[in-house]
Amino acid sequence: MAELFDLTLTQAAEAIRRREISAVALAQSLLGRIEKLEPTLKAWVTIDREDVLSAAQQRDEEVETGRRLGPLHGIPIGLKDIFYTAGMKTTACSKIYADFVPTYDATSVTRLKQAGAIVLGIAVTTEFATADPSPTVNPWNPAHTPGGSSSGSAVAVAARMCHGALGSQTGGSTCRPAAYNGAVGLKATYGRISRYGVVPVSWSLDTVGIITRTVLDAATMLGAMAGHDPNDPSSSNERVPNYRAAISGIASPPKIGLIRDFFLERCDDEVRKNTEDVAQRLSKAGAIVEEVSLPESFATCYASHRIVMQVECAAFHQEFFQERADDYGPRLRSTIESGMLIPGVQYMQSQRMRRHFRQEMSAMASRVDALLTPTTPAPAPRDLNTTGDPVFQAPWTSSGLPTITIPSGLSQSGLPLGVQLEGAPFREDKLLATARWCEVVLGMDMVPPGANGK
Amino acid sequence: MVTVNPKGSQEELSRELIARAAEILGQERAEAIRATLSDAAANLLLVSQNLPHREEEPAFFL
């Protein structure tokens with residue numbers, strides 16, 4: 001058998017269910033992996049080894065007693081350091097929240113635990129999930145950014161320190177780091193996963209993200225967390241399909257809408273070639289690939305997104321900022337200060353524009369099984385002072401549409417490339433099924449060279 | 001208060017934002033965030049020049 005940390009989430013859960021491995025052995029394997037790689041990669045804020053092993057022991061006892069097991073039984077999961085975890089520090093990697101210990105779990109964390117998951121540890125985020133880079137490095141090349149803001153979550157999954165992790169996305173904070181590190185990143189429809197107990201950046205944009213190594217793993221985690229939460233005013237009542245069943249039920253090759261305008265104009269040659277190659281390979285495998293055009297409202301989506309994000313971020317931080325402005329990183333500080341200056345009328349106009357944008361984007365996405373774009377304009381930049389460019393991810397966050405990035409190759413410099421598939425609102429079932437079909441055709445299984453040593 | 005004139009220029013709006021920043025944050029901070037305010041001016045102008053149909057309502061929680 002492969003090293004236990006090499007198993008995918010789904011494989012590990014199946015092995016525990018069949019009693020081929022124990023949850024304790026799995027946790028030990030991941031903890032050993034973390035011990036080995038963490039000094040270089042700096043992906044974690046907190047790992048409580050004793051708590052993890054104790055929870056794993058409890059899961060094993062539950063297996064022995066024949067208790068009904070959840071889909072994540074015994075699986076250790078990483079949490080970005082903005083998810084409330086009762087009794088554990090949730091610092092948002094900031095000075096402001098340095099000593100904050102929540103008294104309750106975020107709803108997403110509660111639901112993961114109900115599905116049998118174990119909290120493996122708290123993963124590094126950029127400060128308050130915004131743009132000041134974290135100390136985490138890219139396992140493919142430590143001179144390149146791992147992306148952000150879910151830097152630790154993406155690196156932990158890519159380097160096989162955990163099977164799945166939670167991130168979040170306000171601009172591109174789940175899909176960009178996932179792509180930069182060669183992982184799968186899923187941003188569900190806005191309202192699909194509860195935001196309750198997640199430190200906000202911008203209430204009307206923030207979406208919980210999932211980072212895994214495979215589409216099936218992402219579907220399993222989504223299934224565990226999706227569904228209405230009365231504690232989150234933006235939580236949706238939409239029915240939750242069986243995502244795993246949807247994936248296995250795909251009968252015919254999908255219809256994919258390739259977006260060339262803007263995305264293939266704004267990317268570098270290598271990314272453009274990779275995306276065109278992907279479209280060709282999918283087509284050869286039987287997919288119907290047709291070009292689709294962006295709606296008119298796309299032209300202003302970045303402006304409205306930025307205005308909304310700055311104003312809501314300033315509103316959340318107002319009280320802390322009045323007392324402790326010097327405790328903020330430079331980029332976040334300027335975001336808050338800019339947000340304070342934006343007139344309320346323009347904020348409202350931006351929210352009106354977003355609604356119109358969502359309607360047009362939803363109509364476009366509904367005509368196909370999934371849209372296809374590159375995830376990022378270029379591979380991870382060789383610059384640790386940036387988390388990269390959110391320009392290809394932000395439109396999907398602003399419109400609230402679900403999107404998933406899957407690995408699609410390596411650049412000449414040996415860095416991961418990704419393509420992004422986007423779906424209609426609340427059709428993650430169709431999006432995941434399409435992504436799984438594409439994943440099989442592309443056949444990528446990425447292991448960073450820096451994390452290869454066993 | 002900053003007023004956004006859809007027929008104005010980005011430079012004019014940027015100057016207005018910087019002046020307002022100096023009033024409430026001080027001259028040093030206003031200078032420090034000059035580039036961010038220039039971007040904000042471009043965004044504000046674009047939004048004011050492309051207003052949605054009058055019957056379009058806002059969506060906070062999509």
Side-chain angles (χ1 to χ4, degrees), chain A residues 131 189-191 195 202-205 207 232-236 296-297 299-312 321 325 330-331 333-359 361-362 397-401 425, chain B:
Chain A
T189 310
Y190 181 83
R195 293 181 297 106
S202 167
W203 301 284
S204 72
L205 290 164
T207 316
D232 172 1
S234 63
S235 179
S236 170
E296 205 175 311
S297 55
T300 51
C301 75
Y302 294 101
S304 55
H305 172 270
R306 190 79 189 146
I307 288 170
V308 168
M309 198 274 284
Q310 287 174 324
V311 171
E312 294 187 5
F321 196 76
R331 288 192 176 95
R333 183 171 182 170
S334 60
T335 296
I336 294 168
E337 289 171 336
S338 305
M340 290 160 61
L341 296 164
I342 289 171
V345 171
Q346 301 304 316
Y347 168 79
M348 289 299 290
Q349 303 294 25
S350 299
Q351 289 288 25
R352 293 174 70 212
M353 292 169 82
R354 279 185 65 205
R355 184 160 184 259
H356 180 58
F357 178 54
R358 177 183 171 92
Q359 288 162 349
M361 294 291 272
S362 299
T397 320
S398 191
S399 60
L401 267 58
Chain B
M1 191 181 115
V2 174
T3 310
V4 182
N5 173 9
K7 292 180 181 163
S9 70
Q10 183 184 337
E11 289 69 30
E12 285 168 354
L13 183 52
S14 190
R15 275 199 299 274
E16 203 177 335
L17 285 168
I18 291 164
R20 181 73 182 130
E23 279 174 38
I24 64 170
L25 304 168
Q27 193 61 42
E28 192 183 336
R29 284 308 304 160
E31 285 303 321
I33 63 171
R34 180 178 280 272
T36 312
L37 293 179
S38 176
D39 289 344
N43 292 333
L44 289 168
L45 209 53
L46 193 59
V47 165
S48 70
Q49 290 165 347
N50 292 277
L51 295 182
H53 187 274
R54 73 177 71 85
E55 289 177 10
E56 194 76 60
E57 294 203 8
F60 300 101
F61 299 142
L62 297 162

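To find a chain, count down the sequence lines: A is the first, B the second, and so on, and within it residues start at 1. Computed over heavy atoms, backbone and side chain alike; hydrogens, waters and symmetry mates excluded.
Of all heavy-atom pairs between Ala59(B) and Gln351(A), the closest is O-OE1, 3.0 Å. Heavy-atom minimum distance, Arg352(A) versus Glu56(B): NE-O, 2.7 Å. Taking each heavy atom of Met348(A) and Pro58(B) in turn, the nearest pair found is CE-CG, 3.7 Å. The two residues Ser338(A) and Thr36(B) come nearest to each other via the heavy atoms OG-CG2, 3.0 Å.
Sequence neighbours left out, the pairs with a member in residues 30-42 of chain B that pass salt bridge (charged side-chain N to carboxylate O under 4.0 Å, His left out) are Glu31(B)-Arg34(B).
Contacts with chain B were tallied for Arg333(A), Gln359(A), His356(A); Arg333(A) has the most, counting heavy-atom pairs under 4.5 Å. The residue among Glu312(A), Arg331(A), Gln349(A), His305(A) with the most heavy atom pairs within less than 4.5 Å of chain B is Gln349(A).
Contacts from residues 45-53 of chain B to chain A, taken as heavy-atom pairs separated by less than 4.5 Å, involve Leu46(B), Val47(B), Ser48(B), Asn50(B), Leu51(B), Pro52(B), His53(B) in sequence order. Identified by a heavy-atom distance below 4.5 Å to chain A, the contributing residues of residues 8-22 of chain B are Leu17(B), Arg20(B), Ala21(B), in residue-number order.
No part of Phe357(A) comes within reach of chain B, as not one of its non-hydrogen atoms sits under 4.5 angstrom from that chain. The part of Ala299(A) that comes within reach of chain B is its backbone (N, CA, C, O), which places non-hydrogen atoms under 4.5 angstrom from that chain. Both the backbone and the side chain of Leu341(A) come within less than 4.5 Å of a heavy atom of chain B. Both the backbone and the side chain of Pro233(A) come within contact range of chain B, judged by heavy atoms closer than 4.5 Å.
Annotation: side-chain hydrogen bond (donor to acceptor under 3.5 Å, both in side chains) contacts of Ser304(A) (sequence neighbours excluded): none.
Residue Ile33(B) holds its CD1 atom at 4.5 Å from CD of Glu337(A), rounded to the nearest 0.5 Å.
Under 4.0 Å is where a charged nitrogen must lie from a carboxylate oxygen, and between Arg355(A) and Glu57(B) no such pair does.
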Query - Met340(A) and Leu25(B): CA distance, side-chain angles, deciding distance, side chain to side chain contact (heavy atoms under 4.5 Å, CB included) verdict - result: CA-CA 10 Å; Met340(A) 290 160 61; Leu25(B) 304 168; 3.9 Å; yes
Report task. Apply the test side chain to side chain contact (heavy atoms under 4.5 Å, CB included) to residues Val2(B) and Gln346(A): give CA-CA distance (whole Å), side-chain angles for both, the deciding distance (0.1 Å), then the verdict. Result -> CA-CA 10 Å; Val2(B) 174; Gln346(A) 301 304 316; over 6 Å; no
